[in-house]
Engineer: 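The structure's right below; bear with me while I get my questions together.
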Amino acid sequence: MGEPIQLVKLLRDFLTYHETIQGHSPKTADEYYLDLRTFFRYLKLASGQVPDDTPFDKIEIDNITLDQVGAVTLTDVYGFINFLSRERGLGAAARARKISAIRSFYKYLTVKAKLLPENPVQELDYPRLKKSLPRYLNLEQSIQLLESVQGVNQERDLCIMTLFLNCGLRISELIGLNVQDIQGNQLRVLGKGNKERVLFLNDACIAALDDWLAVRSGRGCADPNALFISSQSRKRISKSAVEKLVKKHLLAAGLDGKISPHKLRHTAATLMLQNGVDVRTLQEVLGHDNLNTTQIYTHVESANLRAAAQANPLGHVNVKKQKNPNK
């Protein structure tokens, strides 16, 4: 009989699977590792395998075996959730991410690696999350923002704003765009998990891209592939640079400077839904894996339904029941 399988190997194989097969980014894999490390450190502390005064970040988990991993119960996980809430002060969203890592790890061990006969956390529920409506600009504010874009980088910045507000791109997707991704009236976008999607460009996007490419061609580019480049380094524009230029133009337009590029994505989604795009089509446009993620925008549909109800002329007719004289 060989040596027992150690947790360190299980985690390494699990993270490799997520990067190579699932197509998750190294950042996502790192977050999974940190979440699982926290979970198994908690288990050792809660089970009395280390002294109570041991600093949490010094608890070693390398010697945990597959048998111990498989012996985890739902009660252990619920205790972990309680620990995260009471001892670490983590909110529901942060706890949900750690639960997602645990569920994914045990699903891998049972379904893919087939190292466990059954999944001990199969029935694990996610914490109830408070659904908050995303902040966004209305149509008038969006036009106001676009009209305010001026300055030495006007063509580049206007093109960035136009793509955010018309295509609903994530900031990572925008800065990752290459010149070759523009193919006529289509734009190839590399989204989360290296998943490609193709978006159709409307007239505003095509015009903004044409104007920017005409200016870009006259500038020396350290990165000839990058669609958007920094005005100083001539390299691919950075996330922080995009965030700064968005804030700059928002303030110039007299709008809330705290509206992030992601809120511009929310704006695009909301405007599309308000103007007849169905939720499933919007899911494809935004690159959401799960329809539930897209359905946060259905608050717009609800608002429209309420407005429709109020617009019905019969809504103001109040017919009182007449008493039956025969009774």
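For this chain, numbers begin at 1 and follow the sequence in order.
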Engineer: Can you tell me how far apart CD1 (Ile61) and CG (Leu7) are? Round to the nearest 0.5 Å.
Structural biologist: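 Answer rounded to 0.5 Å: 5.0 Å.
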Engineer: If hydrophobic clusters are built from ILVMFWY residues whose side chains come within less than 4.5 Å, do Val149 and Leu251 share one?
Structural biologist: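 No.
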Engineer: Give the minimum heavy-atom separation between Tyr136 and Gln274, together with the two atoms involved.
Structural biologist: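 Answer, listing the atom of Tyr136 first, then Gln274: OH-NE2, 4.3 Å.
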Engineer: In terms of relative ring orientation, are Tyr17 and Tyr108 parallel, tilted or perpendicular, with 30° and 60° separating the classes?
Structural biologist: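 Tyr17 and Tyr108: tilted rings.
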Engineer: Is it true that Arg197 and Glu284 make a salt bridge, defined as a side-chain N closer than 4.0 Å to a carboxylate O?
Structural biologist: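 Looking at Glu284 together with Arg197, the answer is no, because their closest N to O distance does not fall below 4.0 Å.
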Engineer: State, with a plain yes or no, whether a side-chain heavy atom of Ile5 is found less than 4.5 Å away from one of Thr65.
Structural biologist: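 Of all side-chain heavy-atom pairs linking Thr65 with Ile5, none is under 4.5 Å.
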Engineer: Could you note down all residue pairs passing ring pair (Phe, Tyr, Trp, His ring centres under 6.0 Å) where residues 51-73 supplies at least one of them, sequence neighbours left out?
Structural biologist: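 Sorted result for residues 51-73: Phe56-Phe83.
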Engineer: Could you grab the distance from atom CZ of Phe200 to atom CG of Asn166, nearest 0.5 Å is fine?
Structural biologist: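 Interatomic distance, Phe200 CZ to Asn166 CG, rounded to 0.5 Å: 15.5 Å.
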Engineer: Would you check if Gln68 and Gln49 make a side-chain contact, meaning some heavy-atom pair closer than 4.5 Å?
Structural biologist: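 Side chain of Gln68 against side chain of Gln49, heavy atoms only: contact under 4.5 Å found.
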Engineer: Quick one: pull up CE in Met161 and NE2 in His249 and give me the separation to the nearest 0.5 Å.
Structural biologist: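 Answer for the CE-NE2 pair, Met161 versus His249, is 5.0 Å.
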Engineer: Can you hop from Val246 to Val152 via hydrophobic side chains spaced under 4.5 Å?
Structural biologist: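 No, because Val246 and Val152 fall into different hydrophobic clusters, even though each may have its own neighbours under 4.5 Å.
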Engineer: Can Asn225 and Gln180 be counted as having a side-chain donor-acceptor contact under 3.5 angstrom?
Structural biologist: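 Asn225 vs Gln180: donor-acceptor pair found between side chains.
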Engineer: Determine the minimum heavy-atom distance between Gly191 and Glu173, stating which atoms define it.
Structural biologist: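 Looking at all heavy atoms of both residues, the closest pair is CA-OE2, 3.3 Å.
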Engineer: Which atoms form the tightest heavy-atom contact between Glu19 and Pro26, and what is the distance?
Structural biologist: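 It is OE1-CG, 3.7 Å.
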Engineer: Can a side-chain donor-acceptor contact be found between Asp13 and Thr16 if the only test is distance below 3.5 angstrom?
Structural biologist: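 Distance-only check fails for Thr16 and Asp13.
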Engineer: Tell me whether Asp203 at atom CG has more than 12 heavy atoms from other residues, nucleotides or ligands lying less than 6.0 Å away.
Structural biologist: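 No, because the 6.0 Å sphere around CG of Asp203 holds 12 heavy atoms or fewer from other groups.
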Engineer: What is the distance from atom CG of Leu286 to atom CG of Leu199, rounded to the nearest 0.5 Å?
Structural biologist: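 Between atom CG of Leu286 and atom CG of Leu199 there are 9.0 Å.
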Engineer: Same cluster or not: are Ile259 and Leu158 linked, directly or through other Ile, Leu, Val, Met, Phe, Trp or Tyr residues, by side-chain heavy atoms under 4.5 angstrom apart?
Structural biologist: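 Yes; Leu158 is reachable from Ile259 via cluster members.
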Engineer: When you compare the side chains of Ser230 and Gln232, does any donor N or O come within less than 3.5 Å of an acceptor on the partner?
Structural biologist: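 No - no donor-acceptor pair under 3.5 Å links their side chains.
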Engineer: Taking it one step at a time, do Ile237 and Arg156 satisfy side chain to side chain contact (heavy atoms under 4.5 Å, CB included)?
Structural biologist: CA-CA 11 Å; Ile237 198 167; Arg156 183 200 67 185; 3.9 Å; yes
Engineer: Just by distance, do the side chain of Asp211 and the backbone of Ala208 share a donor-acceptor pair under 3.5 Å?
Structural biologist: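 Such a contact is absent between Asp211 side chain and Ala208 backbone.
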Engineer: If you look at every heavy atom in Leu116 and Pro120, which pair is closest and at what distance?
Structural biologist: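 Taking Leu116 first and Pro120 second, the nearest heavy atoms are CD1-CD, 4.4 Å.
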Engineer: Distance check, rounded to the nearest 0.5 Å: Cys159 atom SG versus Phe164 atom CZ?
Structural biologist: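 If I round to the nearest 0.5 Å, the distance is 11.0 Å.
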Engineer: Nearest 0.5 Å, what's the CG-CG distance between Leu264 and Leu163?
Structural biologist: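 Rounded to the nearest 0.5 Å, the CG-CG separation comes to 11.5 Å.
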Engineer: Evaluate the side-chain proximity of Val69 to Tyr106: yes if any heavy-atom separation is below 4.5 Å, no if none is.
Structural biologist: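 Touching, per the 4.5 Å side-chain cut-off.
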Engineer: Less than 4.5 Å apart, side chain to side chain, heavy atoms only: is that true for Glu118 and Thr110?
Structural biologist: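 No, side chains not in contact.
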Engineer: Going only through I, L, V, M, F, W and Y residues with side-chain contacts under 4.5 Å, is there a path from Leu282 to Leu201?
Structural biologist: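 Yes; tracing contacts between hydrophobic side chains, which count when under 4.5 Å, links both residues.
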Engineer: Mind listing the closest non-hydrogen atom pair of Asp223 and Ile229 along with its distance?
Structural biologist: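 That closest heavy-atom pairing would be O-CG2, 4.4 Å.
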Engineer: Glu147 side chain to Gln144 main-chain N or O, any donor-acceptor pair under 3.5 Å?
Structural biologist: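 Flag not set: sc Glu147 to bb Gln144 has no pair under 3.5 Å.
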Engineer: Please check this pair: side chain of Asn178 against backbone of Asp181, looking for a donor-acceptor N/O pair closer than 3.5 Å.
Structural biologist: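 Flag not set: sc Asn178 to bb Asp181 has no pair under 3.5 Å.
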Engineer: Hey, mind stepping through Leu10 and Phe105 against side chain to side chain contact (heavy atoms under 4.5 Å, CB included) and telling me if it holds?
Structural biologist: CA-CA 9 Å; Leu10 298 176; Phe105 180 56; 4.1 Å; yes
Engineer: Side chains of Ile175 and Lys239: closer than 4.5 Å at any heavy-atom pair?
Structural biologist: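 Result yes, sub-4.5 Å side-chain heavy-atom pair found.
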Engineer: Return yes when atom NZ of Lys192 has more than 12 non-hydrogen atoms of other residues, nucleotides or ligands closer than 6.0 Å, and no otherwise.
Structural biologist: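 12 or below, so no.
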Engineer: How about Val189 and Glu196: do any of their side-chain heavy atoms sit closer than 4.5 Å?
Structural biologist: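 They are not in side-chain contact.
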Engineer: So, for Asn153 and Ser231, which heavy atoms are closest and what is the spacing to 0.1 Å?
Structural biologist: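 Reported closest heavy-atom pair: OD1-CB, 3.4 Å.
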Engineer: Under a 4.0 Å threshold between the charged nitrogen and the carboxylate oxygen, would Glu243 count as salt-bridged to Lys247?
Structural biologist: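 Not counted as a salt bridge, because no side-chain N and carboxylate O are separated by less than 4.0 Å.
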Engineer: Spell out, as yes or no, whether a donor-acceptor pair under 3.5 Å connects the side chain of Gln186 to the backbone of Val198.
Structural biologist: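 Answer holds: no.
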Engineer: Apply side chain to side chain contact (heavy atoms under 4.5 Å, CB included) to Arg41 and Ile64, showing your working.
Structural biologist: CA-CA 10 Å; Arg41 279 176 170 172; Ile64 295 177; over 6 Å; no
Engineer: Does the side chain of Arg103 come within less than 4.5 Å of Val77's, by heavy atoms?
Structural biologist: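 Not touching, per the 4.5 Å side-chain cut-off.
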Engineer: Return yes if some donor-acceptor pair links the side-chain N/O of Ser217 with the main-chain N/O of Ala214 below 3.5 Å, else return no.
Structural biologist: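 At least one qualifying donor-acceptor pair exists.
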Engineer: Are side-chain heavy atoms of Arg37 and Leu34 found at a separation under 4.5 Å?
Structural biologist: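 SC-SC contact between Arg37 and Leu34 confirmed.
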Engineer: Is a donor on one side and an acceptor on the other found under 3.5 Å between the side chain of Arg234 and the backbone of Cys221?
Structural biologist: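 A pair under 3.5 Å: no.
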Engineer: Would you please test Ile102 and Asp35 for side chain to side chain contact (heavy atoms under 4.5 Å, CB included) and show each step?
Structural biologist: CA-CA 8 Å; Ile102 293 170; Asp35 290 340; over 6 Å; no
Engineer: Treat each ILVMFWY residue as a node, draw an edge where side-chain heavy atoms are under 4.5 Å apart, and state whether Tyr42 and Leu90 are in one component.
Structural biologist: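 Tyr42 clusters together with Leu90.
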Engineer: Report the residue from Leu169, Leu174, Leu177 that forms a side chain to side chain contact (heavy atoms under 4.5 Å, CB included) with Ile160.
Structural biologist: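 Exactly one option meets the side chain to side chain contact (heavy atoms under 4.5 Å, CB included) with Ile160, and it is Leu174.
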Engineer: Any sub-3.5 Å donor-acceptor pair from Arg95's side-chain atoms to Ser85's backbone N or O?
Structural biologist: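 Answer holds: no.
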Engineer: Could you check whether any side-chain N or O of Trp212 sits under 3.5 Å from a backbone N or O of Leu227, counting only pairs where one atom can act as donor and the other as acceptor?
Structural biologist: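 Checking the backbone N and O of Leu227 against the side chain of Trp212, a donor-acceptor pair under 3.5 Å is found.
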Engineer: Under 3.5 Å, is there a donor-acceptor pair between the side chain of Thr267 and the main chain of Leu137?
Structural biologist: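 Here the side-chain-to-backbone pair exists.
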